[in-house]
Amino acid sequence: GLSQRLQDTFKRLRGRGKLSEKDVKEVLREVKLALLEADVNFKVVRTFIARVQERAVGEEVMNSLTPAQQVIKIVRDELTELMGGSAVQLRFEGKPPYIIMLCGLQGSGKTTTAGKLAKYWQKQGRRPLLVACDIYRPAAVKQLQVVGESLNIPVFALNGQDPVVIAAEALEYAKNHNHDLIILDTAGRLHIDAELMGELQRIRERVPVYRTILVVDAMTGQDAVTVAEEFNNAINIDGVILTKLDGDARGGAALSVRSVTGKPILFGGFGEKSDALEVFHPDRMAGRILG
Amino acid sequence: MTEELYEELEAILIQADLGVEASVGLVETLRQRAKAEKIKAAEELRWLLKDELKKLIGEPGVLIKNPSGPTVVMIVGVNGTGKTTSVGKLAYHLAEQGQKVVLGAADTFRAAAIEQLEIWGERAGAAVIRHQMGSDPAAVAFDAVQAGLSRRADYILIDTAGRLHTQTNLMQELEKVGRVIGRAMDGAPHEILLVVDATTGQNALNQAKLFAKAVPITGIILTKLDGTAKGGIVAAVVNTLRVPVKFIGIGEGVEDLKPFDTEAFVEAIFD
Ligand SMILES: Nc1nc2c(ncn2[C@@H]2O[C@H](COP(=O)(O)OP(=O)(O)OP(=O)(O)O)[C@@H](O)[C@H]2O)c(=O)[nH]1
Ligand SMILES: Nc1nc2c(ncn2[C@@H]2O[C@H](COP(=O)(O)OP(=O)(O)OP(=O)(O)O)[C@@H](O)[C@H]2O)c(=O)[nH]1
Ligand SMILES: [Mg+2]
Ligand SMILES: [Mg+2]
């Protein structure tokens with residue numbers, strides 16, 4: 001991995017005292033390659049390298065007995081810092097019911113995550129209501145209903161209504177049935193689909209959405225930046241959930257998404273079961289990205 | 001020929017998810033060709049690169065047709081890539097061509113997976129063979145093949161549950177489904193298509209390698225090309241598995257499955 005490659009690089013550079021500009025480039029190139037292989041976006045990598053450049057070839061590295069390890073530590077610290085430093089807890093403040101709207105590309109894991117969030121917050125004493133706002137995908141409503149049933153958490157669904165109306169009706173229902181938390185599961189959509197992005201905007205105009213969360217697949221490649229940027233520009237997301245982290249994707253998309261939106265990654269999805277949700281830890285993710 | 005130009009081209013490839021190794025390799029080949037062919041113009045260089053990329057990705061493949069009896073197609077891949085939707089689209093496309101299609105709902109795990117495929121079956125006019133949620137996927141696949149044989153279907157498409165290539169037990173399950181299909185009919189499955197999401201980065205290569213260890217992949221379906229992702233990872237997948245890309249998914253509707261076109265795919269990378 002990067003550790004071995006940097007060790008080899010420093011072996012070659014050892015005993016030269018000060019690093020030449022070419023040597024500096026070589027060390028940084030290894031870091032750049034590792035990040036690109038981990039699916040961090042090309043432009044994000046460029047910005048990141050510029051950020052760590054000075055430290056990565058400065059005093060603390062050159063005077064170290066283990067310069068390769070020192071570079072790794074610096075890179076890892078910077079990655080962690082860039083992804084928010086420490087875990088972020090979503091707080092519920094103000095007047096309930098709190099509406100959480102999940103959105104994202106097709107197949108990213110929204111419906112599954114809706115169930116996980118409902119269970120997670122129910123354990124913390126909330127009374128969640130799941131809302132089926134995906135009226136397009138075959139059996140999407142049924143999918144959420146099956147998820148809700150398995151968790152004994154109610155699912156609000158309406159036949160033949162558009163998602164904006166469903167969200168509004170769900171809010172009324174929640175108030176009348178003492179639910180303090182509403183989780184809107186929306187249809188997967190492309191960030192370049194003006195009509196469907198408009199639908200999300202209309203939902204936010206119609207009901208007071210407390211938090212808008214973008215659900216992103218951890219194996220997403222270079223496109224993560226474009227997707228996150230477009231969603232953020234259109235509906236101002238509050239946070240991100242990274243799914244399918246139980247696989248072996250390095251997850252560079254985490255850095256890309258955080259980098260371009262400035263919004264925190266709140267949770268990670270680690271499996272298909274309803275308990276496979278963990279608070280996101282930037283430091284663990286940094287280590288994983290470096291591989 | 002400036003160094004900047006080569007770097008620019010390398011950046012395009014990397015941002016298309018071709019991967020660092022493949023991108024660097026292609027640009028290196030480009031440098032050598034440019035030198036050998038005395039290339040002077042930037043447009044010529046770009047054309048050469050497209051040419052090399054087309055060679056790397058290879059020709060499109062076509063859906064296998066069993067000359068004697070139904071053709072059994074198994075659809076596999078990690079979670080959420082578009083398998084069920086692609087099965088539905090393929091069924092529709094085949095039915096439009098007058099082929100008789102039977103579907104096997106072998107995802108017995110995920111909530112409403114069976115119901116989802118049943119709706120696609122209705123759209124395509126294809127019978128759906130199913131059991132209960134939680135039943136043995138191999139048993140469903142077996143029954144689907146048997147049903148296809150007795151009904152003299154032209155195609156039997158088996159939808160399987162999404163699974164991560166790192167889940168050993170689920171990869172073993174997939175292997176078993178493949179074997180059981182072979183017991184229902186000699187030589188089946190005739191086609192095993194790996195569904196890859198175009199938004200996927202380098203992980204698609206790991207996916208391809210491990211899925212190919214479990215079952216003999218014969219082709220790729222690259223989905224969600226209607227987004228902004230270029231799907232460049234498919235180049236590495238094709239070269240590692242030595243199988244062609246057969247179809248692309250360009251949307252969520254019945255008509256949104258097209259035969260792969262290498263030229264159009266490469267052009268889109270440079271758009
Ligand atoms: N292994 C794993 N699978 C997951 C995870 N999250 C979701 N999945 C699976 O990913 C697939 C897609 O999940 P869905 O919840 O249907 O995704 P979605 O975003 O609602 O999809 P659309 O509504 O079609 O956009 C399913 O097979 C899920 O079981 C995760 O954290 N790990
Ligand atoms: N835009 C777009 N969406 C697609 C395409 N193919 C599939 N989808 C969508 O992607 C989502 C997931 O599709 P599925 O067919 O459920 O994926 P799957 O691989 O069967 O998922 P699991 O069985 O849960 O692993 C759905 O919302 C589909 O409509 C495509 O080519 N383009
Ligand atoms: Mg969904
Ligand atoms: Mg499916």
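Chain naming here is simple, since letters A, B, ... match the order of the sequence lines and numbering starts at 1 in each. Hydrogens, waters and symmetry mates are skipped; everything else that's a heavy atom, side chains included, is used.
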For chain B, which candidate among A/E37, A/E230, A/R137, A/K142 shows the most heavy-atom pairs at distances under 4.5 Å? A/R137
When you look at A/L190 and B/D226, which way does the side-chain contact (heavy atoms from CB on, under 4.5 Å) test go after all the steps? CA-CA 8 Å; A/L190 295 178; B/D226 46 320; 3.4 Å; yes
Test B/T199 against A/D223 for side chain to side chain donor-acceptor pair (under 3.5 Å), laying out the working first. CA-CA 6 Å; B/T199 66; A/D223 202 42; over 6 Å; no
Chain B heavy atoms under 4.5 Å from A/R250: which part of the residue, side chain, backbone, both or neither? neither
Between B/K224 and A/Q106 (side chain of the first, backbone of the second, donor and acceptor by atom type, cut-off under 3.5 Å), is there such a pair? yes
Could you tell me which portion of B/N79 (side chain, backbone, both or neither) has an atom closer than 4.5 angstrom to a non-hydrogen atom of chain A? both
Can B/T166 and A/D246 be said to form a side-chain contact (heavy atoms from CB on, under 4.5 Å), step by step? CA-CA 8 Å; B/T166 46; A/D246 46 319; over 6 Å; no
Determine the minimum heavy-atom distance between A/A139 and B/A112, stating which atoms define it. O-CB, 3.7 Å
In terms of heavy-atom proximity below 4.5 Å to chain B, should A/L105 be classed as side chain, backbone, both, or neither? side chain
Which answer fits B/Q167, side chain, backbone, both or neither, if we ask what part of it has an atom under 4.5 Å from a heavy atom of chain A? side chain
Show your reasoning for whether side-chain contact (heavy atoms from CB on, under 4.5 Å) applies to A/K43 and B/Q15. CA-CA 9 Å; A/K43 297 200 167 109; B/Q15 291 177 96; 3.7 Å; yes
Looking at B/V24 and A/R29, what are the two nearest heavy atoms and their distance? CG2-NH2, 4.4 Å
Proximity breakdown for A/T226 and chain B, heavy-atom pairs closer than 4.5 Å: side chain
Part of B/Q207 within contact of chain A (heavy atom distance under 4.5 Å): side chain
To check you understand the geometry: which heavy-atom pair defines the closest contact between A/P138 and B/Q116, and what is its length? O-CG, 3.5 Å
Residue pair A/D248 / B/N203, side-chain donor-acceptor N/O under 3.5 Å: yes
What part of A/E272 gets closer than 4.5 Å to chain B, counting heavy atoms only: side chain, backbone, both or neither? side chain
Top contributor to chain A contacts, counting heavy-atom pairs under 4.5 Å, from B/G80, B/A204, B/A16: B/G80
Which portion of A/N41 sits near chain B, non-hydrogen atoms under 4.5 angstrom: neither
Spacing of B/L18 atom CG and A/Q222 atom CD [to the nearest 0.5 Å]: 10.5 Å
Considering only heavy atoms and a distance below 4.5 Å, find which of B/K230, B/E118, B/H165 pairs most often with chain A. B/H165
Heavy-atom distances under 4.5 Å only: say whether B/E252 touches chain A with side chain, backbone, both or neither. side chain
Among the listed options B/G201, B/G82, B/G227, the residue most often paired with chain A at heavy-atom distances under 4.5 Å: B/G201
Closest non-hydrogen atoms of A/Q143 and B/A111, given as atom of the first, atom of the second and distance, are CG-O, 3.4 Å
